[in-house]
Amino acid sequence: MNNASGSIVHVAFVPSAGLGHLTPCLRLAALFLRHQYCHVTLITPKPTVSLAESHLISRFCSSFPDQVSQIDLHLLPFDPTSENSSDPFWLHFERIRRSLHLLAPILSSLTPPLSAFVYDVSLISGMIPVSESLAVPSYIYFIATARMFSFFSHLSVLDAAKKHAGGHPASFIGDAVEIPGIHLPVPRSSIPPLLLVPGSLFEKIFMEDSPRLTKLDGIFINTFEEMEEEAVAALNAGKVVPGLPPVHAVGPLMPCEFEKEQDQDMSANSPLKWLDAQPEGSVVYVCFGNRTATTREQLKEMAEGLLRSGYRFLWVVKLKMVDKEDDEDLEQVLEPEVMKKMKEKGLVVKTWVNQGEILGHTSVGGFLSHGGWNSIVESIWHGVPILSWGQNGDQKITSEVVAESGTGVWPVEWGWGGEAVVKAEEIGKAVREIMSSESLKARALQLKEAARKAAGVGGSCEVKIRTMIEKWKKKNVVY
Ligand code: UDP
């Protein structure tokens with residue numbers, strides 16, 4: 001581990017549970033690994049919630065055999081009934097948070113010593129004591145929009161100002177949250193629902209971590225200035241929270257080589273082969289990420305809606321939140337007649353797909369998404385117009401960013417996923433809109449170019465990573 005200038009930058013990355021948290025972590029780590037004098041130690045909480053996570057970790061580590069070391073963090077036993085949540089991913093966040101103190105003794109003897117920690121936003125309270133005890137700078141990676149980060153960080157300001165109102169966001173947040181420096185307030189109806197449930201695990205983690213953001217050394221966000229210029233500027237000008245450390249827009253974090261499955265399914269029925277046989281821009285791709293299950297009733301309306309849209313479709317169906325449990329067949333949910341029509345017009349899969357490749361396929365002309373930020377960024381990267389239907393969490397706030405950017409639409413009246421059943425007719429109409437709108441297409445292509453510039457050689461992303469490495473290098477001793 002040596003280099004011309006004699007100094008190695010050694011960064012420990014700590015992801016949290018779920019692909020939506022792991023994938024951007026590894027993509028960010030891969031950006032640092034482009035620099036040969038950078039070494040990464042990946043801390044992997046074990047067990048993972050989903051199979052997809054453990055597969056991705058293995059692929060990442062074997063892709064960088066000389067530059068990446070892996071250290072397992074064996075999670076302490078955890079009683080899920082001790083927390084007010086039924087979400088396996090949030091419960092896992094908490095389990096990881098409660099096990100993080102195990103890291104300090106494991107990491108204290110690493111050589112070369114660590115230059116920085118970069119960890120998931122959900123781990124702040126657990127990681128700050130570890131980084132303080134090892135005297136290693138602390139950075140987080142934020143997996144959502146800069147708009148969401150502004151809201152998250154501004155919560156502590158609101159809380160401090162309104163303590164007398166009860167301390168719960170449900171009581172101190174009114175109809176909308178005005179964030180200094182950001183022109184569009186966040187309506188109460190867009191706030192992650194669980195934040196408004198007093199005593200929920202979600203609320204607990206948010207409220208515990210928001211005031212600690214000023215203790216960090218920096219924040220990496222998967223966004224880029226053309227997409228969210230106003231929010232990034234407001235954050236860095238100290239308008240949102242005084243004393244906030246620098247916010248580095250290092251997006252778009254794009255799919256990397258290591259994400260490709262070695263044994264990709266290229267049989268006649270595989271999504272990519274099927275797409276090959278469709279005309280250019282003719283297919284709407286439908287996928288709600290890796291942890292959003294759709295209700296049976298909504299599935300039926302979606303099936304009918306996709307058929308009514310008249311467009312071809314590639315639909316990734318998820319019936320259960322956690323992949324290990326997803327053993328039901330679509331035939332058990334949809335009528336044989338509908339199944340028959342669907343087979344004529346589209347391809348429905350229940351398996352994990354390589355979304356990056358799908359969105360990059362020329363036959364895909366639109367994306368019906370659940371508003372997961374990784375998915376949205378991937379769509380922007382490929383210039384694909386988006387129909388963003390926020391299902392949960394920060395996904396309505398993301399949908400606001402999508403609509404504001406002009407690269408997609410957000411049917412506000414659809415509400416959260418599962419709140420009310422959105423009818424087939426509406427779904428069909430919205431799909432037709434994104435598939436046929438010339439203005440959406442034009443804006444999507446504009447943002448695609450901006451995204452590629454930001455992530456390209458000499459772009460904002462590269463400059464920020466290089467500057468960070470130089471900064472950490474200066475603090476290092478020579479080995
Ligand atoms: N993804 C994928 N194949 C699938 C489902 C999801 O590659 O079948 C990837 C998708 O490309 C994205 C991530 O999983 O990178 C999902 O993250 P996102 O933030 O969009 O949503 P989440 O799953 O966290 O709700």
Side-chain angles (χ1 to χ4, degrees), residues 15-28 30 48-57 59-60 87-90 92-93 120-122 141-145 148-149 192 194 202 221-223 251-261 264-265 270-272 275 285-294 314-323 326 347-361 364 367-382 384 386-399 401-402 408 416-418:
S16 196
L19 252 293
H21 290 252
L22 177 65
T23 306
C25 173
L26 300 182
R27 288 179 185 172
L28 180 60
T48 59
V49 179
S50 64
L51 291 174
E53 290 164 75
S54 39
H55 293 162
L56 187 62
I57 289 168
R59 287 204 297 277
F60 174 79
D87 182 318
F89 291 91
W90 276 86
H92 216 67
F93 292 172
D120 187 84
V121 59
S122 65
Y141 67 91
F142 191 70
I143 58 160
T145 53
M148 180 64 196
F149 185 73
L194 283 172
F202 190 101
I221 298 199
N222 181 15
T223 194
L253 297 173
M254 277 307 101
C256 301
E257 204 49 36
F258 70 83
E259 293 174 48
K260 285 193 182 154
E261 305 266 1
Q264 254 199 65
D265 177 14
S270 80
L272 288 173
L275 285 173
Y285 167 61
V286 186
C287 181
F288 281 7
N290 81 101
R291 44 157 299 164
T292 301
T294 307
L314 168 55
W315 185 12
V316 183
V317 174
K318 210 163 166 18
L319 297 167
K320 294 252 170 68
M321 194 188 233
V322 176
D323 56 8
D326 208 345
L347 181 68
V348 182
V349 292
K350 271 192 65 208
T351 50
W352 181 254
V353 298
N354 186 324
Q355 181 163 294
E357 287 194 294
I358 288 173
L359 286 167
H361 199 287
V364 173
F367 181 16
L368 167 48
S369 167
H370 69 312
W373 183 233
N374 293 298
S375 296
I376 300 299
V377 174
E378 288 157 16
S379 202
I380 290 167
W381 178 254
H382 291 291
V384 176
I386 305 155
L387 169 53
S388 188
W389 179 13
Q391 298 286 298
N392 213 327
D394 65 324
Q395 293 158 7
K396 275 196 187 176
I397 294 183
T398 303
S399 303
V401 173
V402 170
W416 295 108

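The model shown is predicted, which means the values in this text are computed figures rather than measured ones. Indexing begins at 1, ligand by ligand and atom by atom, following the structure's order.
By the 3.5 Å distance cut-off applied to N or O atoms, Asn374 is counted among the residues near ligand 1. Considering backbone and side-chain atoms together, Thr23 places no N or O closer than 3.5 Å to any N or O of ligand 1. Note: an N/O pair closer than 3.5 Å links Val353 and ligand 1 by distance alone. At under 3.5 Å, a nitrogen or oxygen of His370, whether backbone or side chain, sits near a nitrogen or oxygen of ligand 1.
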Could you walk me through whether His21 and Phe93 pass ring pair (Phe, Tyr, Trp, His ring centres under 6.0 Å), step by step? CA-CA 10 Å; His21 290 252; Phe93 292 172; 4.8 Å; yes
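Here the heavy atom of the protein found nearest to atom 23 (O) of ligand 1 is Asn290 ND2, 2.4 Å. When only non-hydrogen protein atoms are considered, atom 24 (O) of ligand 1 lies nearest to Gly20 CA, 3.3 Å. What sits closest to atom 15 (O) of ligand 1 on the protein, heavy atoms only, is Glu378 OE2, 2.6 Å. Considering only non-hydrogen protein atoms, atom 20 (O) of ligand 1 sits nearest to Ser375 OG, 2.5 Å. If you check which protein heavy atom lies closest to atom 14 (O) of ligand 1, you get Trp352 CH2, 3.5 Å.
Distance alone, capped at 3.5 Å, is enough to place a donor-acceptor pair between the Gln391 side chain and the Trp389 backbone. Panel note: side chain Asn374, backbone Gly20; a donor-acceptor pair is recorded below 3.5 Å. In this structure, His382 contributes its side chain and Gly356 its backbone to a donor-acceptor pair below 3.5 Å.
Between Glu378 and Arg27, at least one side-chain N (NZ, or NE/NH1/NH2) sits under 4.0 Å from a carboxylate O, which counts as a salt bridge.
Counting heavy atoms closer than 4.0 Å to ligand 1, residue Trp373 contributes backbone atoms (N, CA, C, O) but none from C-beta onward. Under 4.0 angstrom from ligand 1, there are no non-hydrogen atoms of His21.
Atom OG1 in Thr23 sits 12.5 Å away from atom CG in Leu28 (nearest 0.5 Å). For the atom pair OG of Ser375 and CG of Leu368, the computed distance is 11.0 Å after rounding to the nearest 0.5 Å. Note that CD1 of Ile57 and CD of Glu53 are 6.5 Å apart. Values are rounded to the nearest 0.5 Å.
In this structure, Glu259 falls outside the shell of residues with a heavy atom less than 4.0 angstrom from ligand 1.
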